[in-house]
Amino acid sequence: MTHHRAIDRRALITGRALNPERVIASPGGEIASILVQARPDRLCEVEAAVARMPGCEIFGRDLRGKLVVVMDAPDAGTLGSMLNTIALLPHVHSASLVFHAIDAGQP
């Protein structure tokens with residue numbers, strides 16, 4: 001018979017419920033695509049700022065103020081930080097995660 005310990009919701013959300021010894025980082029990292037909505041008249045500025053960020057590439061753009069950004073990072077925490085950085089750039093209305101995957105790397 002297996003006993004399951006109840007997990008405190010607050011501890012789970014804040015990450016205190018995790019045992020760092022059991023977390024295994026993926027060998028290849030994380031990849032994601034982000035949809036960025038910016039002021040159309042400031043799109044070039046936003047595009048340049050995003051393109052200067054390590055691991056970010058502009059995949060597509062729409063003159064109505066939209067950018068599709070492809071990102072890669074070593075882990076999910078870094079990816080989340082990058083997403084937040086983009087969302088907080090001047091003239092950015094929103095930055096939304098559209099796709100996320102773990103790159104398993106080469107065997």
Of all residues at least two apart in sequence or in a different chain, which pass the side chain to side chain donor-acceptor pair (under 3.5 Å) check with Thr78?
Asp75

Using the rule that Ile, Leu, Val, Met, Phe, Trp and Tyr join whenever any side-chain heavy atoms are under 4.5 Å apart, tell me whether [X] and [Y] fall into a single cluster.
| X | Y | answer |
| --- | --- | --- |
| Leu35 | Val50 | no |
| Ile58 | Leu83 | yes |
| Leu89 | Val69 | yes |
| Met53 | Met71 | yes |

If you look only at distance, which donor and acceptor atoms sit under 3.5 Å apart when one is on a side chain in residues 93-100 and the other is two or more places apart or in another chain?
residue: His100; atom: NE2; partner: Glu30; partner atom: OE1; Å: 2.5

Looking only at non-hydrogen atoms, find the nearest pair between [X] and [Y] and report the distance.
| X | Y | result |
| --- | --- | --- |
| Ala38 | Val46 | CB-CG2, 3.9 Å |
| Met82 | Cys56 | CE-SG, 3.6 Å |
| Gln37 | Arg64 | NE2-O, 3.6 Å |

May I ask you to test the Pro90-Arg39 pair for a side-chain heavy-atom distance under 4.5 Å?
no

Would a 4.5 Å heavy-atom cut-off, applied to side chains only, mark His91 and Glu45 as touching?
yes

CA sep, side-chain torsions, deciding dist, call: Arg61, Cys44, side chain to side chain contact (heavy atoms under 4.5 Å, CB included):
CA-CA 10 Å; Arg61 100 195 278 268; Cys44 289; 3.4 Å; yes

Sort out for me which residue in Leu43, Val68, Ile86 forms a side chain to side chain contact (heavy atoms under 4.5 Å, CB included) with Val36.
Ile86

Let's go through Val70 and Ile31 carefully: what are the C-alpha distance in whole Å and the side-chain angles of both, what is the deciding distance for side chain to side chain contact (heavy atoms under 4.5 Å, CB included) to 0.1 Å, and is it a yes or a no?
CA-CA 7 Å; Val70 177; Ile31 56 175; 6.0 Å; no

If you link ILVMFWY side chains whenever their heavy atoms are less than 4.5 Å apart, which other residues fall into the same cluster as Leu63? By chain and number, please.
none

